[in-house]
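By convention here, the first residue in the shown sequence is residue 1. Computed from a prediction, not measured in an experiment: that's the story for all the values here.
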Amino acid sequence: MLQPMAENAPIRIMGFDFGTKRIGVAFGQTVTKTAQALKNVHAQNGVPNWQELDQLVKQWQPDAMVVGIPLNMDGSEQALSQKARDFAERLKTHYGLPIFETDERLTTKDARERLFKSGGYKALQDGQVDQLAAQLILENWFQTQG
């Protein structure tokens, strides 16, 4: 785990739910271990719109990033797993920040269920699933950090 720069100083973390057309983005910090959904960044074949992402990084100034890696229920890799790892590597190269990968199994399903409960089918169509999944990925990662 990253160590705070000063005692009780929060480490700011940006989380990502990788997709080939959209990448959900969330932001959180280590003191409260909470996160908030920010937005979706457009992507083309898994490559993000760097201008959109650069604006978010400049605004939120994360100290590190967490990328959800999609795995099958048995823990094996699936078709998107390597693309998500490639995205994580691009982030590392582009921003020079520490990048952590985490298992994202069931986060999209959980996000869909939460949105449906709060707003029905309309909530699912508003494009909120990916950014809420990024929030859940980040919150789950915080829980694994102790």
Side-chain angles (χ1 to χ4, degrees), residues 1-71 78-146:
M1 180 172 169
L2 291 174
Q3 296 300 314
M5 290 171 246
E7 193 164 325
N8 295 328
I11 300 293
R12 300 171 307 244
I13 311 284
M14 190 166 273
F16 299 94
D17 177 47
F18 174 79
T20 58
K21 295 180 182 176
R22 283 183 313 275
I23 298 169
V25 184
F27 186 82
Q29 49 84 19
T30 57
V31 170
T32 61
K33 297 184 179 185
T34 57
Q36 65 180 0
L38 294 180
K39 69 175 288 186
N40 294 325
V41 170
H42 295 91
Q44 191 166 36
N45 197 28
V47 177
N49 177 322
W50 288 109
Q51 187 175 17
E52 277 184 84
L53 198 48
D54 288 346
Q55 288 174 349
L56 284 173
V57 170
K58 183 178 180 183
Q59 178 181 355
W60 293 93
Q61 299 180 356
D63 300 306
M65 297 176 167
V66 172
V67 177
I69 305 297
L71 300 171
Q78 59 174 271
L80 276 182
S81 301
Q82 187 56 51
K83 288 184 179 188
R85 291 183 198 288
D86 292 344
F87 170 66
E89 190 59 38
R90 281 191 209 103
L91 288 174
K92 184 176 182 179
T93 301
H94 194 80
Y95 296 111
L97 294 172
I99 307 293
F100 300 92
E101 296 178 357
T102 192
D103 180 353
E104 71 156 41
R105 277 180 280 188
L106 299 178
T107 54
T108 299
K109 180 180 182 292
D110 189 11
R112 286 181 188 280
E113 288 174 359
R114 289 182 187 204
L115 287 170
F116 184 78
K117 283 180 184 175
S118 69
Y121 286 109
K122 182 173 177 9
L124 295 175
Q125 296 170 355
D126 287 341
Q128 297 176 43
V129 173
D130 300 303
Q131 56 190 302
L132 180 55
Q135 175 185 329
L136 296 173
I137 287 166
L138 195 48
E139 287 174 350
N140 291 343
W141 182 81
F142 285 140
Q143 296 309 309
T144 66
Q145 300 305 299

What is the distance from atom CE of Met65 to atom CD1 of Ile99, rounded to the nearest 0.5 Å?
5.5 Å
Of all heavy-atom pairs between Gly68 and Ala84, which one has the smallest distance, and what is that distance?
O-CB, 3.9 Å
Please name the pair of heavy atoms, one in Ala64 and one in Phe100, separated by the smallest distance, quoted to 0.1 Å.
CB-CE1, 4.0 Å
Search all heavy atoms of Ala134 against all heavy atoms of Gly15 and return the closest pair with its distance.
CB-O, 3.8 Å
Is there a side-chain contact between Trp60 and Arg12, using heavy atoms and a 4.5 Å cut-off?
no
On a heavy-atom basis, which atom in Gln78 and which in Pro70 lie closest, and how many Å separate them?
CG-O, 3.5 Å
About how many Å separate CG of Leu80 and OG1 of Thr20, when rounded to the nearest 0.5 Å?
6.5 Å
More than 12 heavy atoms of other groups within 6.0 Å of Gln51 CD:
no
Smallest separation among heavy atoms of Ile23 and Pro48, with atom names:
CD1-CB, 3.9 Å
Could you go through residues 90-98 and list every donor-acceptor pair under 3.5 Å that involves a side-chain atom there, pairing it with any protein atom two or more places apart or in another chain?
unit_1, atom_1, unit_2, atom_2, d
Thr93, OG1, Glu89, O, 3.1
His94, NE2, Asp54, OD1, 3.0
Tyr95, OH, Asp54, N, 3.4
Tyr95, OH, Asp54, OD1, 2.6

Picking from Gln131, Glu52, Arg22, what satisfies side-chain contact (heavy atoms from CB on, under 4.5 Å) with Val41?
Glu52
To the nearest 0.5 Å, atom NZ of Lys39 lies from atom CG of Leu53 at 9.5 Å
Which pair of non-hydrogen atoms, one from Ala37 and one from Ala26, has the smallest distance, and what is that distance?
CA-CB, 4.1 Å
Roughly how far, to the nearest 0.5 Å, is CG of Leu132 from CD1 of Ile137?
10.0 Å
Under the criterion side-chain contact (heavy atoms from CB on, under 4.5 Å), which of Ile13, Thr34, Thr32 is the partner of Phe142?
Ile13
Can you tell me how far apart CD (Gln29) and CE (Met14) are? Round to the nearest 0.5 Å.
13.5 Å
Going from CZ on Phe16 to CZ on Phe87, what distance comes out if it is rounded to the nearest 0.5 angstrom?
5.0 Å
